[in-house]
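First up is the structure itself, then whatever we jot down about it.
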Protein chains: 2
Amino acid sequence: MFNIAAVERDTGLSKDTLRVWERRYGFPTPMRDDNGDRAYPIEQVEKLRLIRRLLDMGKRPSKVVGASTEDLLREIDALQAPCETDIAEPEDDFLRLVRLHRSDELRSTLQQMLLKQGLQRFVSETVDRLNIAIGQSWMRGELDVSEEHLYSEQLQNVLRNAIGSHSSAGSRPRILLTTFPEEQHGLGLLMAEAMLVPEGACCISLGVQTPLADIRNAAIAGNFDIVALSFSGAYPARQAVEGLKQLRNLVPDGILLWAGGAALQGKQSRLEGIRVITSLQDAVTALGEWRTAHQS
Amino acid sequence: MFNIAAVERDTGLSKDTLRVWERRYGFPTPMRDDNGDRAYPIEQVEKLRLIRRLLDMGKRPSKVVGASTEDLLREIDALQAPCETDIAEPEDDFLRLVRLHRSDELRSTLQQMLLKQGLQRFVSETVDRLNIAIGQSWMRGELDVSEEHLYSEQLQNVLRNAIGSHSSAGSRPRILLTTFPEEQHGLGLLMAEAMLVPEGACCISLGVQTPLADIRNAAIAGNFDIVALSFSGAYPARQAVEGLKQLRNLVPDGILLWAGGAALQGKQSRLEGIRVITSLQDAVTALGEWRTAHQS
DNA sequence: TTTTATGTTTGTCATGGACAAATGGTTGAC
DNA sequence: GTCAACCATTTGTCCATGACAAACATAAAA
């Protein structure tokens, strides 16, 4: 049983939204605890996550919030069919390791792939595909939370290790990486860093959850050229756009803002003065643009 | 002018809290826009940030939310004066690096100390003291969020790197490390891991925020001997005790439970069937106890 | 000194109404 | 057929006020 704050954390849907959906569409239908507060059963939270997925894919709430779980799964399958071709064997083998909790082999497999492919290709191809495979498995209920955490931890170990062995002290541009306060997921930051560091950029990550004002202060105090923000799929797109505009006003024009991640798909138009990073490769492109503009 | 969502992002105070303070204490006093929505002037947002600082230092809202800006500044000054005795020079030098955002030197300094002292001594002495020094500086307002994040990230890099270079696959005991869902801080886990790995324990961390049921599943599926939980000072002690009891009922008796961290100071008595880890050194002691009991 | 009981304080949740911004579809001009 | 302008719906966020449990402090008892 989850209270409304927990559901907000888990689904990325605001408390207000959850209450208004209940009123308008008749879903979710939480029980009540002794105190009269909403208590959401786990199945409803999972269904809400499905709905979230469909909304991100462009469906409208009125079409999906009332629907049955079966219909939702059908719709997701239908929309996923095109890009689903390619959960190839390597990913499948890998998922098996995750499901068996073979953490040592997990790590050494990742490490091996990294060595074979080099950091950038490893991240932009292998890790990118693995994340998708993991995400899909999770949606299908084939993985549980602990297995996803295990993967995430091992990947983090491998990436941090690899990034740490590049030394780019003193080089340019200086890039500050972080996320907004409500964002929990830091893997995107690490992946971005992994793409940029081999190009000779000087990346400094603050991890997740830095308040806007502190991002500003750090950007100025640390003499940064670029501030890069990451938004996971769970982050409300609207808040992301709003926050980015605000940050754009806070930091001096001389400092560029980059923003990337699943939450920003298709939002480029609304973001003036901000370079939206559309893919991991695009981060390298953006770095090239900066270099062209600043050769002197 | 900030709307209420922006102020929430900036100050970390929830919309509900902002509205209820206005009602109860007569501050803040936002203007209204054409739509009747609250519009906070920048000065009030800054004052709210001051108030936030005082609350973090232990003041109570009723004492500070109504006060004048001058009084607030005076109070902050007053609280900063004491407890200044015991920050030795090495820590002070180190803090200077943090304050200057010298992330590269920060990392190499940590790395050097680690090499000189060895992983265990580094963690149980140096890091322990640094954490305290950072905490105190933070209370005094000498550090901001971004600086604390910077320290935490660099330390994490160094620790993960060091832990990764010990290979203890296949050894015993197998220890699962993680935290409860509401816990945000993962440094404690890393520090514990750093104490245990050199002793030959096989540590697997799931990172923070694993639901109880998933901890149970992972513990059983991964064939673990011990499950270790970490609780930062910010975690409500009562919830920790409650959750630990519940977890004790979920996992088989054959699997030991260890629990440590600031939130558990003085709570040993209430925790039957759980080994409370009172310090980083004590983790090593507890490991010795397990070995004595399981030599065969 | 430590534990237990008793008031206060404080953050979060509930309800139901309102509205602006976003979206989808339709019409008419080029 | 494409594009722009228009209108109707949809949708998320905000508001006001009331309520209450958990956290906290303080006083009394062991």
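A note on names: the letters A, B, ... follow the listed sequences, proteins ahead of strands, and every chain is numbered from 1. Note that the structure is a prediction, hence the values are computed from the model and not measured.
Recorded end-axis angle for the helix from C:dT1-D:dA30 to C:dC30-D:dG1 stands at 40°, based on five pairs per end and rounded to 10 degrees.
Rounded to whole angstrom, the span from the CZ atom of A:Arg9 across to the P atom of C:dT12 amounts to 11 Å. Spacing between atom CG of B:Leu54 and atom P of C:dT10 amounts to 14 Å, rounded to whole angstrom units. Note: CG (A:Asp34) to C1' (C:dC13) measures 15 Å, nearest angstrom. Rounded to a whole Å, the OH atom of A:Tyr40 is 11 Å from the C1' atom of C:dA14.
Residues forming a side-chain contact (heavy atoms from CB on, under 4.5 Å) with A:Asp37 (at least two apart in sequence, or on another chain): A:Asp33, A:Asn35. Applying the ring pair (Phe, Tyr, Trp, His ring centres under 6.0 Å) rule to A:Phe27 yields no partners; only residues at least two apart in sequence or on another chain are considered. The side chain to side chain donor-acceptor pair (under 3.5 Å) test applied to A:Lys15 returns A:Glu8, not counting sequence neighbours. Listed by chain and residue number, nothing satisfies the side chain to side chain donor-acceptor pair (under 3.5 Å) test with B:Tyr40 (two or more places apart in sequence, or in another chain). Every residue two or more places apart in sequence or in another chain that forms a side-chain contact (heavy atoms from CB on, under 4.5 Å) with B:Leu212 is listed here: B:Phe180, B:Ile215, B:Gln246, B:Leu247, B:Leu250. When the side-chain contact (heavy atoms from CB on, under 4.5 Å) test is applied to B:Glu43, the partners found at least two apart in sequence or on another chain are B:Pro41. For B:Asn217, there are no side chain to side chain donor-acceptor pair (under 3.5 Å) partners, not counting sequence neighbours. Taking the side chain to side chain donor-acceptor pair (under 3.5 Å) definition, one finds that A:Thr178 meets it with A:Thr210, sequence neighbours left out. Residues passing the side-chain contact (heavy atoms from CB on, under 4.5 Å) test with A:Ala192, sequence neighbours excluded: A:Leu177.
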What pairs of nitrogen or oxygen atoms, one from the protein and one from nucleotides 11-20 of chain D, lie under 3.5 Å apart?
unit_1 : atom_1 : unit_2  : atom_2 : d
D:dT11 : OP1    : A:Pro61 : N      : 3.2
D:dT11 : OP1    : A:Ser62 : N      : 3.0
D:dT11 : OP1    : A:Ser62 : OG     : 3.3
D:dT11 : OP2    : A:Tyr25 : OH     : 2.8
D:dT11 : OP2    : A:Ser62 : N      : 3.2
D:dT11 : OP2    : A:Ser62 : OG     : 3.3
D:dG12 : OP2    : A:Trp21 : NE1    : 2.8
D:dG12 : N7     : A:Arg24 : NH1    : 3.2
D:dG12 : O6     : A:Arg24 : NH2    : 2.7
D:dT13 : OP2    : A:Ser14 : OG     : 3.1
D:dT13 : OP2    : A:Thr17 : OG1    : 3.1
D:dC14 : OP2    : B:Lys15 : NZ     : 3.4
D:dC15 : OP1    : B:Arg38 : N      : 2.6
D:dC15 : OP1    : B:Arg38 : NH1    : 3.2
D:dC15 : OP2    : B:Arg19 : NH1    : 2.5
D:dC15 : OP2    : B:Arg38 : NH1    : 3.2
D:dC15 : O5'    : B:Arg38 : NH1    : 3.1
D:dA16 : OP1    : B:Arg32 : NH1    : 3.3
D:dA16 : OP1    : B:Arg32 : NH2    : 3.2
D:dA16 : OP2    : B:Arg38 : NH1    : 3.0
D:dA16 : OP2    : B:Arg38 : NH2    : 2.6
D:dG18 : N7     : B:Arg23 : NH1    : 3.2

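Using a cut-off of 4.0 Å between Lys/Arg side-chain N and Asp/Glu carboxylate O, A:Arg38 and A:Glu22 are scored as salt-bridged.
Contacts of residues 44-51 of chain A with DNA chain C (heavy atom under 4.0 Å): none.
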